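Note that the structure is a prediction, hence the values are computed from the model and not measured.
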Amino acid sequence: MTFRALPGFRDFAPEDLAFRTHIFAAWRRVAVRYGFAEYDGPPLEPLDLYTAKSGDEIVGQLYNFTDKGDREVSLRPEMTPTFARMVAERANGLKKPIRWFAIPQLFRYERQQRGRLREHFQLNCDLVGEPGPLADAEVIALAIDVMRELGLAHEQFRVRVSDRRLLDALFTALGITAEQKPAAMQMLDKFGRSEYAKAESAFIEAGGRVASVEFLLKELRQATTWSTLLEHGAKHEGVAAALAEEHPLRETLAALEAMGLGDYIELDLSIVRGLAYYTGTVFELFDVERSLRAICGGGRYDALLASLGGVDLPAVGFGMGDVVLGELLKERGLRPDAPPSVDVIVAAVTPDDMPFVLEAAHALRDGGLGVEYALAPQALGKQLKLGDARGARLAVVIGPDDRAQGAVMVKHLADKTQTAVPRDTLVAHCRSLLTLNG
RNA sequence: GUGCUUGUAGCUCAAUCGGUUAGAGCGCCGCACUGUGGCUGCGGAGGUUGCGGGUUCGAUCCCCGUCAGGCACCCCA
């Protein structure tokens, strides 16, 4: 009988966990740099928490079951409802804007593919209580800085940004009614893909004229900056007028430019994302080659907290998963080498030296150093080889001849030099050598 | 959940038209090497060819099912 992890679930051997920890550490460093405070919540929640807003169809995607107390429960598929509840409970007492982040493990019951499992970790950053465009810029900048922190440059990824409010204004200018807008949105989302025909017929069924969207699909969609959007838009009177209005997205883009992050940003009106959630800015982060799925997605959801938790506060946030991000880092050679498991290997020349090895090893451990030694008698060469394999920088060799002088040998494994050191200064000696060599 | 595709050692891959005992590199363990390591050489362990069934004298190879991975759809945390 052999067992393996459930489909879509991962084992993390030390090497894998080290990589995950590397990603988490970058997430935390950057989030904290932006003044975000970490929180967490239960991985298991009442099923209602998710069906209340999204309806019963979502159950197909949930990892849900009935517990022994006959409660309908689900592993959390996303953090936002939990976040909404926690914020609602204390919103009155929290200084605005609220900047919170979490690194939850999330679960979805669906068929796995590359970059998409049944379980993953996700950096969730949310900024609550500020409706203005600088809040949007703030969270987008955070997402970009996470990527930079992990060693990725603007040649390797882009944030594509759009805005529901802008799109809405453009649709109106093009004569598309409120009822036709969702179908028009689908057309935008599917443009250039095999499913486009389906979206188009849905739009026609809603009474839309395809010609009305064409200007948006063929012209405006090409624009990747605000100024090119204005250029393209000038060809259409109504659109030009709509673009002349005040638009928060324009200010958000300008703010990112002012931060020096302009190279990472592309305006992209085809970014749609979940229709139910987002009310304003929407954005996705992609690798430049687009060989992978979106690394990160988010936007403004000003109505969601009220509908979920009862506090009527505007909010903007994003989620960034560890799976696609990890794949990208590996592809770009940005997976760091496993850190050394010990600082020092202590080696016995003869079996008679073993008690002295144990004594010295323990003293070094008490001194805060990572120490290993061979657990069975071995040739000295093999013991040094063990030290190499463990990434130790120092070897302490203990043998009868040196012992007779009250000394031990301390060897630098990298440059192969060694010096005799009095036993009673060994710990201090090793500590200073390790500190000096960083 | 639907369609297509792939599955050989821990990893990456071979194996003629369906043919006899399924191989190699890397990794792992041991020896050369009993006061000094990374190299080299030699040796060893490791396989129910994902699993089950069928066709055949004979199946890693052909057929069916199933499980798992990949791609697309659905969905987008």
Expressed as a whole number of Å, how far does the [atom1] atom of [N] sit from that of [M]?
N: B/G46; M: B/C11; atom1: C1'; value: 13 Å
N: B/A24; M: B/G65; atom1: C1'; value: 34 Å
N: B/C4; M: B/A22; atom1: P; value: 35 Å
N: B/A9; M: B/G50; atom1: P; value: 8 Å
N: B/U16; M: B/U60; atom1: C1'; value: 14 Å
N: B/U49; M: B/C31; atom1: C1'; value: 32 Å
N: B/U6; M: B/G44; atom1: C1'; value: 33 Å
N: B/G47; M: B/G23; atom1: P; value: 14 Å

Under the rule for ring pair (Phe, Tyr, Trp, His ring centres under 6.0 Å), what residues qualify as partners of A/His429, not counting sequence neighbours?
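Per chain and number, A/His429 pairs via ring pair (Phe, Tyr, Trp, His ring centres under 6.0 Å) with no residue.
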
A/Phe9: what forms a ring pair (Phe, Tyr, Trp, His ring centres under 6.0 Å) with it, not counting sequence neighbours?
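A/Tyr63.
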
Bracket notation of RNA chain B in which parentheses pair within the strand, [ ] cross earlier pairs, and | pairs with another strand (Watson-Crick or G-U, under 3.5 Å)
(((((((..((((.....[...)))).(((((.......))))).....(((((..]....))))))))))))....

Please answer whether the main-chain N or O of A/Asp16 pairs with a side-chain N or O of A/Arg20 as donor and acceptor at a distance below 3.5 Å.
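No.
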
Just by modelled atom types, is the A/Leu167 backbone N or O under 3.5 Å from a matching donor or acceptor in the A/Lys181 side chain?
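No; zero donor-acceptor contacts below 3.5 Å.
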
Under 4.0 angstrom, heavy atoms only, what part of the nucleic acid is A/Gly8 near: base, sugar-phosphate, or nothing?
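Since only primed, P, OP1 and OP2 atoms lie under 4.0 Å of A/Gly8, the category is sugar-phosphate.
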
Need one value for A/Gly319: base, sugar-phosphate or nothing, where a base atom within 4.0 Å counts as base even if backbone is also close, heavy atoms only.
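It contacts nothing in the nucleic acid.
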
Of all residues at least two apart in sequence or in a different chain, which pass the side chain to side chain donor-acceptor pair (under 3.5 Å) check with [X]?
X: A/Arg365; answer: none
X: A/Glu195; answer: none
X: A/Lys190; answer: none

Tell me the interatomic distance from [X], atom [atom1], to [N], atom [atom2], rounded to whole angstroms.
X: A/Leu375; N: B/C29; atom1: CG; atom2: P; answer: 14 Å
X: A/Asp16; N: B/C11; atom1: CG; atom2: P; answer: 13 Å
X: A/Asp353; N: B/U36; atom1: CG; atom2: P; answer: 14 Å

Under 3.5 Å, which donor-acceptor pairs link side chains of residues 135-152 of chain A to any protein atom two or more places apart or in another chain?
from     : atom 1 : to       : atom 2 : distance (Å)
A/Asp136 : OD1    : A/Arg300 : NE     : 3.2
A/Asp136 : OD1    : A/Arg300 : NH2    : 2.8
A/Asp136 : OD2    : A/Thr281 : OG1    : 2.6
A/Asp136 : OD2    : A/Arg300 : NE     : 3.0
A/Glu138 : OE2    : A/Arg99  : NH1    : 2.7
A/Glu138 : OE2    : A/Arg99  : NH2    : 3.2
A/Asp145 : OD1    : A/Arg148 : NH1    : 2.8
A/Asp145 : OD2    : A/Tyr34  : OH     : 2.5
A/Arg148 : NE     : A/Tyr264 : OH     : 3.4
A/Glu149 : OE1    : A/Arg33  : NH1    : 3.2
A/Glu149 : OE1    : A/Arg33  : NH2    : 3.0
A/Glu149 : OE2    : A/Arg29  : NE     : 2.6
A/Glu149 : OE2    : A/Arg29  : NH2    : 3.1
A/Glu149 : OE2    : A/Arg33  : NH2    : 3.3

Can you run down the ring-ring contact (aromatic ring centres under 6.0 Å, His included) pairs that involve residues 176-197 of chain A, sequence neighbours left out, and say none if there aren't any?
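Those involving residues 176-197 of chain A are A/Phe191-A/Tyr196.
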
Which residue pairs pass the side-chain hydrogen bond (donor to acceptor under 3.5 Å, both in side chains) test when at least one of the two sits in residues 122-134 of chain A, sequence neighbours left out?
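Passing the test, one end in residues 122-134 of chain A: A/Gln122-A/Asn124, A/Asp126-A/Tyr301.
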
When rounded to the nearest 0.5 angstrom, what is the spacing between CG in A/Leu106 and CE in A/Met79?
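One finds 7.5 Å between CG of A/Leu106 and CE of A/Met79.
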
Please tabulate the protein-to-nucleotide N/O contacts below 3.5 Å involving nucleotides 37-46 of chain B, giving atom names and distances.
from  : atom 1 : to       : atom 2 : distance (Å)
B/G37 : O2'    : A/Asp388 : OD2    : 3.2
B/G37 : N7     : A/Lys411 : NZ     : 3.4
B/G37 : O6     : A/Leu413 : O      : 3.2
B/G37 : N1     : A/Leu413 : O      : 2.3
B/G37 : N2     : A/Asp388 : OD1    : 2.2
B/G37 : N2     : A/Leu413 : O      : 3.2
B/G37 : N3     : A/Asp388 : OD1    : 3.1
B/G37 : N3     : A/Asp388 : OD2    : 2.9
B/G38 : O6     : A/Leu413 : O      : 3.0
B/G38 : N1     : A/Leu413 : O      : 3.4

Counting distance alone, no hydrogens or angles: does the base of B/U36 have a donor or acceptor under 3.5 Å from a partner atom on the side chain of A/Gln383?
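In this structure, the two groups form no donor-acceptor pair.
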
A/Gln378 or A/Asp402: which one's nearest nucleotide on RNA chain B is closer to the 5' end?
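Its nearest nucleotide being more 5', the pick is A/Gln378.
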
Reading nucleotides 71-77 of chain B from 5' to 3' and marking B where a protein heavy atom lies under 4.0 Å of the base, S where only the sugar-phosphate is that close, and - otherwise, the string is SBBBBBB

Donor-acceptor contacts under 3.5 Å from residues 332-342 of chain A side chains, at least two apart:
from     : atom 1 : to       : atom 2 : distance (Å)
A/Arg332 : NH2    : A/Glu289 : OE2    : 3.4
A/Arg335 : NH2    : A/Glu15  : O      : 3.2
A/Ser341 : OG     : A/Arg390 : O      : 3.3

